Amino acid sequence: GMWINRHQDHLYGMPGYYYLATSRPLDKIASDGVLARYQIGLENIRATDSSAKGARETEVFTRAAVHRQAELHLYAQNTNGVEFLSPQLFRARIPVPAAVPQGQYAAEVYLFEHGHVVSAQTTPLFVDQTGLERRLYAFAHSSPALYGLAAVTMALGLGWVSAMVFRRR
C-alpha cells in the first residue's frame with residue numbers, strides 16, 4: 001500500500017525558532033486561557049493561512065508543523081529553564097541549533113503574579129553567520145560558478161595529495 005498526502009496549506013506567522021524557558025510547569029503559572037492569549041507554550045502557537053479553509057483544518061496543519069519543528073529541535077520548552085540568581089535577577093540558557101534560520105527574533109520575558117501577566121518585555125535578538133562560514137556563504141551565493149570551480153579544484157588537489165601520501169612503494 002501507499003499513503004499519499006493530498007492536502008496542503010500555507011501557514012503564516014509561525015516563528016522560525018521557538019524556545020520556552022520557565023521557572024516551573026506552565027499549569028502552575030497561569031490558566032490555559034492566559035497562556036493561549038500570549039501564545040506561551042508549544043500547544044498555543046497559532047498560525048494563519050492564506051486559504052479560506054476553516055479554523056479546524058488550519059489547526060491540524062499548525063499542530064503538524066509544530067510537531068515537525070520540535071523533531072528538528074527548532075521548537076522546544078523547558079519547564080526548569082529559568083534559574084533565579086536573586087529576587088530581581090534570573091538566568092535562562094537558550095540553546096540555538098545550527099539549523100536556526102537567520103534573521104531577527106524577539107526574546108519575550110513575562111512576569112506572572114497570581115496567574116496574570118504583570119510585566120512583559122521584548123528584546124530583539126539577531127541570528128546571523130559570522131567568520132569563515134559567512135564568507136564562504138557569501139562567496140557561494142555571489143559567485144556560484146567560481147565557488148563550484150574552486151570546490152572541484154580543491155577536491156582534485158586533495159585526491160592527488162592523498163594518492164601520493166598513501167601510494168604503495
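In this text the structure is predicted, and so the values were computed from the model without any measurement. Any value given below was found using the heavy atoms of this structure, including those in side chains, with hydrogens, waters and symmetry copies removed.
Side-chain contact between Pro97 and Val100 is present, with heavy atoms from C-beta onward closer than 4.5 Å. A 4.5 Å side-chain heavy-atom check between Met154 and Leu149 finds every atom pair outside the cut-off. Put simply, the side chain of Tyr18 does not reach to within 4.5 Å of the side chain of Leu74, judged on heavy atoms. Leu89 has its side chain out of reach of Phe84: every pair of non-hydrogen atoms, C-beta onward, lies at least 4.5 Å apart. Side-chain contact check for Phe90 versus Ser23: every heavy-atom pair is 4.5 Å or farther apart. Met14 has its side chain within reach of Ile45: a pair of non-hydrogen atoms, C-beta onward, lies under 4.5 Å apart. Side-chain contact between Leu26 and Ile40 is present, with at least one heavy-atom pair separated by less than 4.5 Å. Put simply, the side chain of Thr58 reaches to within 4.5 Å of the side chain of Leu11, judged on heavy atoms.
Judged as a side chain to side chain contact (heavy atoms under 4.5 Å, CB included), and not counting sequence neighbours, Ala64 has no contacts. Scored by the side chain to side chain contact (heavy atoms under 4.5 Å, CB included) test, Leu111 finds Val118, Ser119 as partners (sequence neighbours excluded). Shown here are the salt bridge (charged side-chain N to carboxylate O under 4.0 Å, His left out) partners of Arg135, two or more places apart in sequence or in another chain: there are none. Taking the salt bridge (charged side-chain N to carboxylate O under 4.0 Å, His left out) definition, one finds that Arg37 meets it with nothing, sequence neighbours left out. Scored by the salt bridge (charged side-chain N to carboxylate O under 4.0 Å, His left out) test, Arg93 finds no partners at all (sequence neighbours excluded). Considering only residues two or more places apart in sequence or on other chains, Ala30 meets the side chain to side chain contact (heavy atoms under 4.5 Å, CB included) condition with Val34, Leu35, Phe112. Residues meeting the salt bridge (charged side-chain N to carboxylate O under 4.0 Å, His left out) test with Arg46, sequence neighbours left out: none.
For residues 60-70, every residue pair satisfying the side-chain hydrogen bond (donor to acceptor under 3.5 Å, both in side chains) rule, not counting sequence neighbours, is listed here: Glu59-Arg63, His67-Glu71, Arg68-Glu71. Note on residues 129-160: pairs passing ring pair (Phe, Tyr, Trp, His ring centres under 6.0 Å), not counting sequence neighbours, are Tyr137-His141, Phe139-Tyr147. Here side-chain hydrogen bond (donor to acceptor under 3.5 Å, both in side chains) pairs that include residues 107-118, with residues two or more places apart or in two chains, are Glu108-Tyr110. Listed by first and then second residue, the side-chain hydrogen bond (donor to acceptor under 3.5 Å, both in side chains) pairs involving residues 94-104 are Gln102-Gln129 (not counting sequence neighbours).
Remark: Thr22 OG1 to Gln77 CD distance equals 7.5 Å, nearest 0.5 Å. Note that the CG atom of Asn78 and the OH atom of Tyr19 stand 4.0 Å from one another [nearest 0.5 Å].
Val161 and Leu156 are assigned to two separate hydrophobic clusters, defined by single-linkage of ILVMFWY side chains at heavy-atom distances under 4.5 Å. Under the 4.5 Å side-chain heavy-atom criterion for Ile, Leu, Val, Met, Phe, Trp and Tyr, Tyr38 and Val109 are members of distinct hydrophobic clusters. Tracing side-chain contacts under 4.5 Å through hydrophobic residues (I, L, V, M, F, W, Y), one never reaches Val165 starting from Leu158; they form parts of separate clusters.
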Side chain to side chain contact (heavy atoms under 4.5 Å, CB included) evaluation trace for Arg91 with Val82: CA-CA 6 Å; Arg91 173 176 44 207; Val82 176; over 6 Å; no
Stepwise side chain to side chain contact (heavy atoms under 4.5 Å, CB included) check, Ile29 with Arg24: CA-CA 7 Å; Ile29 293 174; Arg24 54 191 168 148; 3.8 Å; yes
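At most 12 non-hydrogen atoms from other residues, nucleotides or ligands lie less than 6.0 angstrom from CG of Asp32.
Among all heavy-atom pairs drawn from Ala21 and Ala92, the shortest one is CB-CB, 4.2 Å.
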Using residues 120-127 as the side-chain source, report each donor-acceptor pair under 3.5 Å to any protein atom, sequence neighbours left out, with the distance given to one decimal.
none

